[in-house]
Amino acid sequence: MLLASLTLASCAEPVRVSRESSEQSFKRARASVLTGDGLSETTLSAFAALGFDARLDDPDDRASLRRALEAEAGRDPDGPWRVAVAEFWLASAGDDPSSHLAAARAAHAQIRRDASGRGAMLDGRTELAVDLYNRAVERFVALTPDQWLARDGGATIQGRGGVYRLRTETADEPGRWDAEYFDAITPASGVRADGLRHHHRLDAFGAPLVGLRTNTPERDRAEPFLPPEGIVYPVTLTLDFDVADPAGAVETAITLHDPLVRRTALLGGMPVLLSYDLTAPLAELYGRTQLQAEGHRGLTDVEPLIDRVGIYMLEPYNPRKIPLLLIHGLRSSPVTWREAINDLRADPAIRSRYQFWTFLYPSGLPVPRSASLLRRELDRVRAHHDPAGLDPGPRNMVVVGHSMGGLLTKSLVQDIGDELWNAVHAVDYATFERSYPDVPDRVREHLRDVFFYEPDTDVARVVFIATPHRGSDTADGFIGSLGRSLVNLPADLEEVARVSRSARDVHGDRPLLRDDLPFLREGVPNSIHNLSPDSPLLAVYSETPIDPGVPYHQILGDRGRNDAPRGGDGIVPYTSAYLEGAGSTLVVPSGHNAHEHPRAIAELRRILLH
């Protein structure tokens, strides 16, 4: 009996060795409250060292543990204690903002020490501290936006985690936002970007957020080139903590960083990389917009989209950044550039040098009319943001056009002279001005805007993607004929067509328009007419040289057949899309949507960093 009792008393769980995969080992080693797998091994070991287990059902035990952990953190700053404090607070925080602030404060102290390099080693605890900090900051933001966003003064948060006096830093230097600029800020972690190939984010210091600023008539007057859906922008939020005052309140600074401008923040006097999520805001913007459907309708039903014609900026105007202007093609909209924008902005060199602009227009309009609207909108941007013409970035604009958008792009770097006018009119412009007095002034102004222009001296480089420089047979086929018949043009163009067809000179016997062009008798030629290989207007665009001072590049698709120069992308033949004299030519294995192909986007990146 005595032997049995001694045997039972000495029994212990035997140590066994088993094997697991490296993936399982990695996952187990990183299990924490952040992954939903309970407390981390770092925190459990700290609890055990102080004589506590993980259950902590008694509130008094929890309070005793917290005090013991904080005391050890003060005594041994190189130990696991601050990380354990942070995870302790986060695990028990619930919806109490002060507990999340307590977690962030403890993690912040650990990260600051490690970043300062005062004898501390960067190890797995630093990574865990950063992750705990970011999660705590994110939860604080989600729980308290009304208590600090758009406030003139500070706010005080009080609860189980202590007392915190909040102070929102102002945008007194580049790369910071004023909190009141946004109407709402939400964590980026909850955004799943379906419909985009890649999700570009960096887990570093700070909580990645999505800032939303809705558009109002008053704001549109102040910032007239932001999307009507509002600006949806990446934001990185950091919290910095001072020592508690005698009453125990902790001064807490909230800073909103702009990750498109700033890559680092100072922590303990040392620069640390900032977290970011660049894809979540794009997904939010594209999820809000109806542009894709409107772009499709803009081919056949032009009038409703006329009021939305314009250049739209994906970020507030920056005088130091170079505009990258992206122009869509037929039956499309700026949403077609989503993959290119998402991937290009992921490159820090590109997002620090370039600002992304898009041009929206109803693609059923005649190409010369769309080109004139593009010039008008560029003039509006300059008049509003840079009337003196002194901003260095916009003086070096890069323009990229896909499909028919490439023809609009090319119009910015051509001196068209009177060739476009002569292509469809029976008399030269001087004769028209002198001998056709019955043409109303508004029609004369329209004709001048459409048919006469010079190169835009702010354009420094252009890229053509799958552009039908010499037209496409599709425009003359059954689908093209059907499309031409379905295009409804706005009333002002119908008036121009009607007046131009009926106009006669002072003697009453000389028509304004040429009578040997059958499509002119059908009404206003729309964009599909203009894309016919037989279009006289397209011939002018094709034969007019590009400004020799502007380098140009081209990207073409061949559907993966490697049959250039015989083949094409299924819509535009190689012989139409190819231009002699290009600075570079790349053929990608794609159909007509070559601008979405990863190789095309990589080529754009190369060109932009050239």
Show the nearest heavy-atom pair for residues [X] and [Y], with the distance to one decimal.
X: Gly401; Y: Thr467; result: O-OG1, 3.8 Å
X: Ser411; Y: Tyr541; result: CB-CE2, 4.3 Å
X: Pro589; Y: Asp558; result: CA-OD1, 3.4 Å
X: His200; Y: Asn342; result: CD2-O, 3.1 Å
X: Val487; Y: Gly364; result: CG1-O, 3.8 Å

Residues which pass ring-ring contact (aromatic ring centres under 6.0 Å, His included) with [X], listed by chain and number, not counting sequence neighbours:
X: Tyr233; answer: Trp177
X: Phe205; answer: Tyr133
X: His469; answer: Phe464
X: His446; answer: none

**Prompt:** Quick one: side chain to side chain contact (heavy atoms under 4.5 Å, CB included) partners of Ser527, sequence neighbours excluded?
**Reply:**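 Only Leu299, Leu330, Met404 meet the side chain to side chain contact (heavy atoms under 4.5 Å, CB included) criterion with Ser527.
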**Request:** Using side chain to side chain contact (heavy atoms under 4.5 Å, CB included) as the criterion, list what pairs up with Arg376, not counting sequence neighbours.
**Result:**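 With neighbours one apart ignored, the set is Val309, Leu373.
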Inter- and intrachain pairs under salt bridge (charged side-chain N to carboxylate O under 4.0 Å, His left out), touching [range], at least two apart:
range: residues 388-400; value: Asp386-Arg395, Arg395-Asp458
range: residues 303-323; value: Glu229-Arg308, Glu294-Arg308, Glu315-Lys321
range: residues 401-423; value: none

**Message:** Do Asp343 and His198 pair up side chain to side chain, a donor and an acceptor below 3.5 Å, judged on atom types alone?
**Reply:**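 Yes, side-chain donor-acceptor contact under 3.5 Å.
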**Request:** Answer with yes or no whether the side chains of Arg375 and Ser372 bring together a donor and an acceptor at under 3.5 Å.
**Result:**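 Short answer, no.
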**Working for side-chain contact (heavy atoms from CB on, under 4.5 Å), residues Arg197 and Glu339** = CA-CA 7 Å; Arg197 277 194 299 261; Glu339 297 288 1; 3.7 Å; yes
Qualifying residue for side chain to side chain contact (heavy atoms under 4.5 Å, CB included) with [X], from [options]:
X: Arg351; options: Val261, Leu278, Leu344; answer: Leu278
X: Ile185; options: Leu237, Val210, Leu256; answer: Leu256
X: Arg605; options: Ile607, Leu608, Leu609, Ile601; answer: Leu609

**Item:** Test side chain to side chain donor-acceptor pair (under 3.5 Å) applied to Asn134 - qualifying residues, sequence neighbours left out
**Value:**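 In terms of side chain to side chain donor-acceptor pair (under 3.5 Å), with neighbours along the sequence ignored, Asn134 is linked to no residue.
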**Item:** Electrostatic pair Glu377-Arg380, nearest N-O below 4.0 angstrom
**Value:**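 Between Arg380 and Glu377 there is a salt bridge, with a charged N closer than 4.0 Å to a carboxylate O.
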**Request:** Taking the six-membered ring for Trp and the single ring otherwise, decide whether the centroids of His328 and Tyr361 are under 6.0 Å apart.
**Result:**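 His328 vs Tyr361: aromatic centres under 6.0 Å.
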**Prompt:** Can you name the residues that form a salt bridge (Lys or Arg N to Asp or Glu O under 4.0 Å) with Arg561, not counting sequence neighbours?
**Reply:**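 Arg561: no salt bridge (Lys or Arg N to Asp or Glu O under 4.0 Å) contacts found.
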Between [X] and [Y] (side chain of the first, backbone of the second, donor and acceptor by atom type, cut-off under 3.5 Å), is there such a pair?
X: Asp379; Y: Arg382; answer: no
X: Thr289; Y: Leu285; answer: no
X: Arg599; Y: Ala594; answer: no
X: Thr236; Y: Ser275; answer: yes

**Asked** Which is it for Tyr429 and Phe451 under the ring-ring contact (aromatic ring centres under 6.0 Å, His included) test, yes or no, and what are the steps along the way?
**Response** CA-CA 10 Å; Tyr429 187 75; Phe451 288 102; 9.1 Å; no
**Request:** Mind jotting down which residue pairs meet the side chain to side chain donor-acceptor pair (under 3.5 Å) criterion with at least one end in residues 582-596? Sequence neighbours excluded, please.
**Result:**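 Passing the test, one end in residues 582-596: Thr336-His595, His402-His595, Ser403-His592, His553-Ser584, Gln554-Thr585, Asp569-His592, Ser584-Glu603, Ser584-Arg606.
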**Prompt:** Going through the checks in order, is the side-chain contact (heavy atoms from CB on, under 4.5 Å) test met by Gln414 and Tyr453?
**Reply:** CA-CA 8 Å; Gln414 291 179 311; Tyr453 55 86; 4.3 Å; yes
**Prompt:** Does the side chain of Val496 reach to within under 4.5 Å of the side chain of Val524, using non-hydrogen atoms?
**Reply:**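 A side-chain contact under 4.5 Å is absent here.
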